[in-house]
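Only one structure is covered here, and it is reproduced in the block below.
Computed over heavy atoms, backbone and side chain alike; hydrogens, waters and symmetry mates excluded. Residue numbering restarts at 1 for every chain, and letters A, B, ... go by the order of the sequence lines.
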2 protein chains.
Amino acid sequence: MLIQLDFESNDPIYQQLVDQIIEGIARKELQPGEGLPSVRSLAADIGINLHTVNKAYKQLKQEGYILIHRQKGVVINPDGVPKADEDFRQRIEKSLRPLIAESICRDVSEEEFIKQCKQLFETFKGGNT
Amino acid sequence: MLIQLDFESNDPIYQQLVDQIIEGIARKELQPGEGLPSVRSLAADIGINLHTVNKAYKQLKQEGYILIHRQKGVVINPDGVPKADEDFRQRIEKSLRPLIAESICRDVSEEEFIKQCKQLFETFKGGNT
DNA sequence: ATAACTGTTATACTTATAATATAACAGTTG
DNA sequence: CAACTGTTATATTATAAGTATAACAGTTAT
């Protein structure tokens with residue numbers, strides 16, 4: 001799986017890393033039990049500091065996406081990612097809220113917005129970008 | 001219209017201000033042509049610095065939500081907010097993408113996600129929280 | 001066992017952003 | 001004239017992001 005970073009983005013690159021790995025899991029490109037590169041090798045590969053990778057891994061671990069075996073290294077959670085709980089749903093709503101408010105102001109219809117969502121769901125089910 | 005800020009949030013408070021005003025416009029609580037408090041009085045009301053308010057107003061102005069008449073002060077754009085363009089739609093997709101990827105990983109169905117979206121659209125159409 | 005790896009922790013530095021604090025300018029309004 | 005308006009400038013503090021080295025403890029292969 002290849003990682004694409006935008007160093008000009010406002011999103012911090014450790015967050016971009018987190019997002020890309022979660023995307024990889026979502027589109028089954030990263031399978032449960034599959035190994036991830038070590039912090040040092042991944043950092044070297046994409047030309048960033050190992051602490052930046054470590055910060056991303058730390059967050060992914062804390063959110064249950066990956067496990068760290070002392071033996072096997074970094075591994076996609078073999079039991080799958082923890083199901084959504086109430087905290088997660090609240091987090092989604094909190095992120096969705098300003099997007100939808102802006103859309104309403106700019107005359108984007110509910111139908112169009114939902115069409116966009118469905119399209120993204122398809123993107124992840126299928127193997128597209 | 002009352003402003004509710006969370007000073008413990010990770011979101012900067014100028015951004016919270018922007019979001020709340022956009023929400024106010026979305027739910028027609030703030031009408032086109034309606035005046036907003038001056039940077040100084042709003043800052044004093046919510047107990048923050050005038051520059052923080054000014055930063056929020058500046059962003060709202062740049063995105064076309066408000067106008068600044070030298071006479072009338074700060075005013076909700078009387079011509080309405082500019083319609084969504086391609087840049088806006090890309091911004092929405094970019095924000096939506098990680099939310100949907102996470103949702104898929106955590107077994108939130110497309111139906112449930114869309115239900116959440118519809119609920120938020122209703123929230124703004126109606127007068128609810 | 002030695003060497004090369006693993007994640008993890010600690011410290012220090014630089015840079016950028018957020019927020020505050022004063023102060024001033026130019027225009028408007030009572 | 002006084003009180004307001006948005007705007008700009010400057011300075012300070014605090015926090016986050018990213019990098020740079022270094023070290024520790026455990027694992028693995030030679």
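Counted within 6.0 Å of CD on B:Gln4, heavy atoms from surrounding residues, nucleotides or ligands total 12 or fewer; the atom is thus considered open.
Rounded to an integer number of Å, the gap from A:Gln16 CD to D:dG18 C1' is 13 Å. Rounded to an integer number of Å, the gap from A:Leu36 CG to C:dG7 P is 10 Å. Between A:Leu67 atom CG and C:dT6 atom C1' the separation is 16 Å, expressed in whole Å. In this structure, NE2 of A:His69 is placed 17 Å from C1' of C:dT8, rounded to the nearest angstrom. Remark: C1' of C:dG7 and NZ of A:Lys61 are 8 Å apart, rounded to the nearest angstrom. Rounded to an integer number of Å, the gap from B:Gln59 CD to D:dG6 P is 17 Å.
At D:dG6, none of the side-chain N or O atoms of B:Asn54 fall inside 4.0 Å of OP1 or OP2 (strictly under the cut-off).
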Distances under 3.5 Å between protein N/O atoms and the N/O atoms of nucleotides 15-20 of chain C, please, pair by pair.
| unit_1 | atom_1 | unit_2 | atom_2 | d |
| --- | --- | --- | --- | --- |
| C:dA18 | OP1 | B:Tyr14 | OH | 2.9 |
| C:dA18 | OP2 | B:Lys55 | NZ | 2.5 |
| C:dA19 | OP1 | B:Ile13 | N | 2.6 |
| C:dT20 | OP2 | B:Asn49 | N | 3.2 |
| C:dT20 | OP2 | B:Thr52 | OG1 | 2.6 |

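Atoms CG and CD1, on A:Leu17 and A:Ile13 in that order, are 7.5 Å from each other to the nearest 0.5 Å. Note that CD of B:Gln16 and CD of B:Glu23 are 11.0 Å apart. Values are rounded to the nearest 0.5 Å.
With hydrogens and angles ignored, no donor-acceptor pair under 3.5 angstrom links the side chain of B:Arg40 to the base of C:dT22.
Side-chain contact between A:Glu63 and B:Arg106: present, with at least one pair of heavy atoms (C-beta onward) separated by less than 4.5 Å. B:Arg91 places a side-chain heavy atom less than 4.5 Å from the side chain of B:Phe88. By the 4.5 Å heavy-atom criterion applied to side chains, A:Tyr14 and A:Asn54 are not counted as neighbours.
The existence of a salt bridge linking B:Glu93 and B:Arg97 is confirmed by a sub-4.0 Å separation between a basic side-chain nitrogen and an acidic carboxylate oxygen. A salt bridge links B:Arg89 and A:Glu112; the closest N-O separation between the charged side-chain nitrogens and carboxylate oxygens is under 4.0 Å.
Looking at heavy-atom distances under 4.0 Å, B:Lys72 makes no contact with the nucleic acid at all.
Each end of the helix from C:dG7-D:dC24 to C:dC25-D:dG6 yields a helix axis from five base pairs, and these two axes differ in direction by 30° (to the nearest 10 degrees).
Between A:Tyr65 and B:Glu102, the side chains place a donor N or O and an acceptor N or O closer than 3.5 Å (distance only, hydrogens not considered).
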